[in-house]
Participant: 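The structure follows.
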Amino acid sequence: SHRHPVAEPSPAARKAARAFLVAWREYLQALVHNLRAYAITDVNQRAEKVSILLKDSFVDSFSRSDRPFMKAFCETQMFDVFADEQLKV
């Protein structure tokens, strides 16, 4: 059976959620704008590019006060998916 939300969000709530997601994506992109500088890219025998992020080096690039947050953030599934998408391009 298909479940529906308990309460349907209002148009204003949907607009606010979209604005939040746009702002969050822009923040993430600004935070990781130089992600590629901390990745190693290899091309395998089938000419496929494979990039590996050097997370420790990336985290170390932030100020000492920001490192605990960035270390925890870099361990999230959300960051892994975002970083993988950024490194594919």
Side-chain angles (χ1 to χ4, degrees):
S1 76
H2 184 67
R3 298 183 138 209
H4 295 284
V6 174
E8 194 67 34
S10 69
R14 287 184 180 162
K15 185 177 179 181
R18 274 193 294 277
F20 172 80
L21 290 175
V22 167
W24 180 243
R25 180 171 293 277
E26 288 173 1
Y27 174 73
L28 279 178
Q29 289 172 337
L31 199 60
V32 299
H33 74 279
N34 63 344
L35 195 65
R36 215 171 263 295
Y38 299 95
I40 296 173
T41 301
D42 188 30
V43 179
N44 65 19
Q45 293 176 344
R46 295 184 300 237
E48 298 169 331
K49 288 184 180 179
V50 178
S51 294
I52 298 171
L53 179 63
L54 304 172
K55 284 184 182 178
D56 291 338
S57 295
F58 178 66
V59 169
D60 288 345
S61 72
F62 289 88
S63 68
R64 190 173 302 278
S65 62
D66 290 337
R67 287 180 195 159
F69 169 78
M70 288 307 299
K71 183 170 178 52
F73 180 60
C74 287
E75 296 302 320
T76 66
Q77 181 180 6
M78 179 178 64
F79 178 81
D80 285 340
V81 170
F82 185 83
D84 286 348
E85 287 299 316
Q86 295 300 305
L87 293 174
K88 275 185 198 174
V89 180

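Bear in mind the structure is a predicted one, so any value in this text is a computation, not a measurement. For the single chain, residues carry numbers from 1 onward in sequence order.
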Participant: To the closest 0.5 Å, what do you measure between CG (Leu28) and CZ (Phe82)?
Facilitator: 5.0 Å
Participant: Using the rule that two of Ile, Leu, Val, Met, Phe, Trp, Tyr join whenever any of their side-chain heavy atoms come within less than 4.5 Å, decide whether Leu53 and Met78 are in one cluster.
Facilitator: yes
Participant: Give, for atom NZ of Lys55 and atom CG of Leu35, the distance between the pair rounded to the nearest 0.5 Å.
Facilitator: 10.0 Å
Participant: So for atom CD1, which belongs to Ile52, do other residues, nucleotides or ligands contribute more than 12 heavy atoms lying within a distance under 6.0 Å?
Facilitator: no
Participant: Sequence neighbours excluded and cut-off under 3.5 Å, please list the side-chain donor-acceptor pairs for residues 11-27, or say none.
Facilitator:
unit_1, atom_1, unit_2, atom_2, d
Arg14, NH2, Glu8, OE2, 2.3

Participant: Starting at OG of Ser61, measure out to OH of Tyr38 and round the result to the nearest 0.5 Å.
Facilitator: 3.5 Å
Participant: How many angstroms lie between atom CG of Asp84 and atom CD of Gln86, to the nearest 0.5 angstrom?
Facilitator: 10.0 Å
Participant: Contact between Asp66 and Phe73 at the side-chain level, heavy atoms closer than 4.5 Å - yes or no?
Facilitator: no
Participant: What closest approach, in Å, do Arg67 and Val59 show between heavy atoms, and which atom pair accounts for it?
Facilitator: CG-O, 3.4 Å
Participant: Once you round to the nearest 0.5 Å, how far does CZ of Phe62 lie from CG of Asp60?
Facilitator: 10.5 Å
Participant: Is Ile40 reachable from Phe79 through a run of hydrophobic residues whose side-chain heavy atoms are each under 4.5 Å from the next?
Facilitator: no
Participant: More than 12 heavy atoms of other residues, nucleotides or ligands under 6.0 Å from CD of Gln77: yes or no?
Facilitator: no
Participant: So, for Asp80 and Cys74, which heavy atoms are closest and what is the spacing to 0.1 Å?
Facilitator: OD1-O, 3.7 Å
